[in-house]
Every structure is written in structure tokens, then in C-alpha cells.
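We count ligands from 1, going down the list as the structure has it; atoms in each ligand are counted the same way. Hydrogens, waters and symmetry mates play no part in the numbers below; they use all other heavy atoms, side chains included.
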Amino acid sequence: MSVRTPRLPRPTPSRRAFGAATVTAVAALAAATLLPTGQAGAADTSLRSLAEAKGIYFGTAMTQGDLNNSALTTVAGRQFGMLTPGNEMKWDTTEPSQGTFDFAPADRIASFAQTNSMKLRGHTLVWHSQLPSWVSSLPTAQVKAAMENHITNEVAHYKGKLYSWDVVNEPFNEDGSFRSDAFHNAMGSGFVADALRTARAADPNAKLYLNDYNIEGQNPKSDAMYNLVKSLKSQGVPVDGVGFQAHFILGQVPSTFQANLQRFAALGVNVAITELDDRIQLPASTTGLAQQAGDYAAVVNTCLAVTGCVGITQWGVGDADSWIPGTFPGYGAATMYDADYRPKPAYAASVTALGGSAGSSPTPGASCKVTGAVNAWNSGLTEDITLTNTGSTTINGWSLAFTLPAGQTVTSSWNASLTPAGGQVAATNLGYNGTLAPGASTSFGFQATHTGKTSLPALFSLNGAPCTTA
Ligand code: 9MR
């Protein structure tokens with residue numbers, strides 16, 4: 001994959017360099033004829049496949065501890081094609097004391113990515129935060145050499161293994177002035193060019209990014225980033241992309257988002273959404289979750305609309321592993337998956353924005369199968385659902401998420417506990433039927449009112465992983 005071709009025209013739909021090789025096969029699958037039930041054929045409707053079919057990636061962030069959470073890793077591997085270590089590549093982990101490097105934690109994340117055929121974003125080399133105190137205590141005259149040595153060693157360790165590096169993270173204050181940190185204090189704004197050049201020398205193929213928050217819309221901070229990138233490009237400094245973290249507040253995706261990404265792309269750099277989340281005041285209401293779905297769809301549509309937007313990364317897999325509640329007390333529910341890794345409306349909205357059908361979810365290799373039957377009358381119906389464990393490991397405790405056809409509202413259920421009763425439903429096992437050995441099935445059912453649509457629910461996923469429905 002060429003590093004220096006963002007200006008070159010690319011054929012539709014692979015108008016981006018990313019994922020072009022998979023476009024034909026996935027597009028062919030996506031075009032599979034719909035079956036009479038409204039379920040797609042063998043199409044893989046994961047975020048990663050749908051994104052790749054559009055020529056972009058959909059990624060997530062994981063930390064070391066996440067590797068022990070099987071519900072999380074299952075969703076991560078199936079749904080996301082790009083991975084960013086949440087903390088493990090930061091300076092305090094990789095060079096905790098001067099000249100002593102530790103890449104073991106990040107290597108564990110890299111290995112997970114490799115096992116699951118995910119690409120990696122390196123995050124981050126030069127940042128004022130999560131910086132060991134020895135760096136900020138250095139005499140000013142020694143900071144440049146320490147920075148270059150840090151970059152050289154870390155980038156060399158991952159040479160050829162990373163898609164991109166966030167070389168400099170969060171260099172600006174909100175008013176567009178440079179943040180006064182160890183690097184700016186020692187080198188002035190020239191630290192950015194020096195860091196980029198050092199990284200390029202250590203790995204000529206990784207795409208080199210500048211990354212920041214609150215630069216998604218047009219404002220003094222994004223103006224500063226724009227002017228910096230323009231100046232770097234005019235000096236021939238190797239900068240390949242700008243990362244827009246996109247830590248949004250519900251309902252506040254900036255109206256200038258697309259125009260802003262567009263002006264950066266016009267400078268000849270790629271743009272990427274690097275840390276997407278959308279925080280909601282807790283408890284999240286149904287209306288809030290619907291607004292969040294709209295926000296996610298807006299982000300996906302924005303990236304798709306901007307040639308040069310290479311992909312989107314969500315910061316964390318599910319609400320349980322998001323940084324938001326710890327930093328913004330009273331806020332949370334910021335990702336596409338709930339605390340039990342069940343897809344939320346934002347997931348369905350993202351799938352739809354990527355051209356998938358929220359009503360079809362079969363995935364090759366899925367470990368669950370769902371069949372159902374409906375008995376409908378004027379304004380009511382009963383549905384019997386059978387869930388089969390088609391995987392090779394025993395399921396201990398299950399939660400089957402699905403989307404009801406519009407107008408259906410559950411009024412009672414049996415053999416499972418159903419919450420909530422409208423729209424997105426989660427059916428959870430009762431005490432007696434939580435264990436499903438490989439090949440085993442269990443059935444539950446519910447009664448619902450309807451307003452004309454009497455079809456079966458759609459988008460079934462078991463503990464966060466999509467089920468087949470044939
Ligand atoms: O997700 C990271 C969290 O685990 C750390 O505690 C936090 C410390 O600053 O950093 C988080 O990630 C940050 C990212 O590296 C840069 N942009 C802001 C993110 C949220 O703080």
C-alpha cells in the first residue's frame with residue numbers, strides 16, 4: 001500500500017487505498033439475493049466487512065485487560081478490522097525509564113490483532129500525557145535526543161507491522177496555540193516536524209498522523225491543525241494523515257464536520273476518525289439511544305462522503321470498557337455495544353449507513369442459529385424462537401439481542417427474560433436454560449401487539465456475536 005498517494009484518483013467504490021483488495025468479493029456477497037424471509041443469504045454484515053466493501057476500515061481500541069474478556073474479544077475480532085492499543089504503546093509503558101524499553105504489553109495487543117486479521121494503529125509516540133516524569137525532568141537541551149531515541153526505538157520495533165502511527169498527539173490548546181509541554185518547551189513548534197521525520201526514517205511505510213480532539217468542526221483549534229499540516233506539507237515534512245478523535249457529546253456532532261474533513265483532505269493528507277464515542281447522560285433513555293444511533297450514522301456518512309477519509313475507530317468495544325464514566329461522572333453509554341456487548345441502536349445505524357441491512361445478520365462462522373415461528377391475529381401475535389449453539393464450546397449464560405419489526409411491542413414472555421419490550425430487545429436466559437452445550441437448543445417465546453407488521457425479529461446476536469437465521 002503506497003504511503004504517498006492520497007491525491008491520486010481511485011476507482012469507485014475503492015476510492016480509498018484501504019481495503020481495496022477485498023472490495024470485489026465482499027460487494028458480491030453483499031449483493032446476494034434476499035430470501036423471501038427478508039434475510040440475506042450468506043452475506044457477512046459485520047462492521048469490518050461492510051466498511052471494507054466501502055473502501056474504509058472500522059476499528060476499535062483495546063487494552064491488555066480486555067484480552068481476558070471473551071465476550072469483548074469475540075465482538076472485537078468479528079466486528080472490527082483495525083485495532084488501536086488504548087494505553088500500551090504510550091511512553092509511560094514503552095520507556096518507563098530512560099533507555100529501558102518494554103514492548104511486551106503492546107505486543108500482546110498486536111498478537112491479538114494478527115490472530116484476528118486486524119490491522120494496527122500505533123498510538124502514540126509524542127504526547128504530554130502518560131509521559132514518565134523522567135522526560136519532563138530532563139534538562140531542556142536533552143529532550144530532543146530523548147524524543148528521537150524514543151521514536152526510533154518504538155517505531156523500529158513495530159516496523160512493517162503497523163498501518164499507521166499517531167506520531168504527535170494533542171499538540172494544541174483549545175485556542176489554537178501550542179500546548180506548553182516538555183517537547184514544545186524544548187524545541188518550539190519544530191518538535192512536530194522533527195518527530196515526523198524521525199518516525200519516517202524508522203519505518204518508511206507506516207502512515208504518519210497528527211491526532212487531536214475538538215478539531216472535528218471548524219474552530220480555532222482545527223484552524224491551527226490545518227495551518228500546521230499545510231505548513232508541514234509545504235516544507236516536505238512527512239505527514240500522511242490527521243486523526244480526529246471524535247469524543248462527541250450526544251446530539252453534538254458538529255455541523256461543519258464534513259467540510260472540515262474535506263479541507264484537510266484537500267491538503268493531500270488522509271483523514272481518520274480515531275477515537276469515536278458519543279456520551280449520554282445516564283441513565284440513557286430510549287430517545288437518547290436513538291439520537292446516538294443518528295450521531296453514529298452521521299459520522300459514518302461523513303467519512304464515506306469525504307474522499308481521503310480512510311476509516312473510523314471507536315474508542316473501546318463496549319460501554320463497559322469505555323473511559324467516559326471514569327472521566328465524566330454521570331455520563332456513559334458512549335459506544336455501539338452495551339455493558340454486556342449487545343449491539344445498541346448505534347450499531348444497527350452504523351451497519352445501515354455502511355450499506356448493510358440491519359434486518360439481516362448471518363455471518364459465516366457464527367456460533368449460533370435462530371429459527372422462529374409467528375402466529376398472528378388482528379392486532380396481536382405470539383412468536384416462538386429457538387436458539388441453537390452451533391459453536392464448539394459450551395455457552396454459559398446467554399443474552400440474545402434482536403430488533404423487533406416496527407410497531408411490535410412485547411406484552412409477555414416465557415422461558416426467557418425480555419428487556420426492553422419495544423424496538424431493541426434482549427432476551428436473557430432463566431436459571432434453568434442458561435447452559436447450552438455444543439449442538440444444544442433452547443426455546444423461548446413472547447406475545448406482542450402489532451400494527452400490521454407480523455414478521456419475525458431481525459439482527460439476532462448472541463452475547464454480541466451475530467447468529468445465522470437460516
Ligand atoms: O483510553 C485511555 C484511558 O484508558 C487512559 O486512562 C487515558 C489517560 O489519559 O487515556 C485514554 O485514551 C486517550 C487517548 O490516548 C488520547 N485521547 C483521549 C483518550 C481518552 O482520555
- Item | H123 N/O to ligand 1 N/O under 3.5 Å |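 There is such a contact, yes.
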
What is the nearest protein non-hydrogen atom to [atom], stated with its residue, atom name and distance?
atom	answer
atom 1 (O) of ligand 1	W315 NE1, 2.9 Å
atom 3 (C) of ligand 1	N87 OD1, 3.7 Å
atom 7 (C) of ligand 1	Q130 OE1, 3.7 Å

Any idea which atoms of ligand 1 are less than 4.0 Å away from a heavy-atom of [X]?
X	result
K90	2 (C), 10 (O), 11 (C), 12 (O), 13 (C), 14 (C), 15 (O)
E275	14 (C), 16 (C), 17 (N), 18 (C), 19 (C)
N169	16 (C)
E170	16 (C), 17 (N), 18 (C)

Donor-acceptor contacts under 3.5 Å from residues 139-148 side chains, at least two apart:
from: K144; atom 1: NZ; to: E148; atom 2: OE2; distance (Å): 3.3

(request) Could you please spell out the steps behind the side chain to side chain donor-acceptor pair (under 3.5 Å) verdict for D181 and N185? (result) CA-CA 6 Å; D181 60 13; N185 292 347; over 6 Å; no

When the side chains of residues 131-138 are checked against the rest of the protein, which donor-acceptor pairs come out under 3.5 Å, sequence neighbours left out?
from: W134; atom 1: NE1; to: E95; atom 2: O; distance (Å): 3.1
from: W134; atom 1: NE1; to: P96; atom 2: O; distance (Å): 3.1
from: S137; atom 1: OG; to: S133; atom 2: O; distance (Å): 2.7

- Message: Are there over 12 heavy-atom neighbours, none belonging to Y331, within less than 6.0 Å of that residue's OH?
- Response: no

Determine whether a donor-acceptor pair (N or O, by modelled atom type, separation under 3.5 Å) exists between the side chain of R48 and the backbone of G77. yes

From the list K221, E174, E170, side chain to side chain donor-acceptor pair (under 3.5 Å) partner of N214 resolves to E174

Whether Y213 lies under 4.0 Å from ligand 1, heavy atom = no

Short version for W127: what comes under 4.0 Å of ligand 1, heavy atoms counted, is side chain

Exercise. Could you grab the distance from atom NZ of K233 to atom CG of L228, nearest 0.5 Å is fine?
Key: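 One gets 12.5 Å once the value is rounded to the nearest 0.5 Å.
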
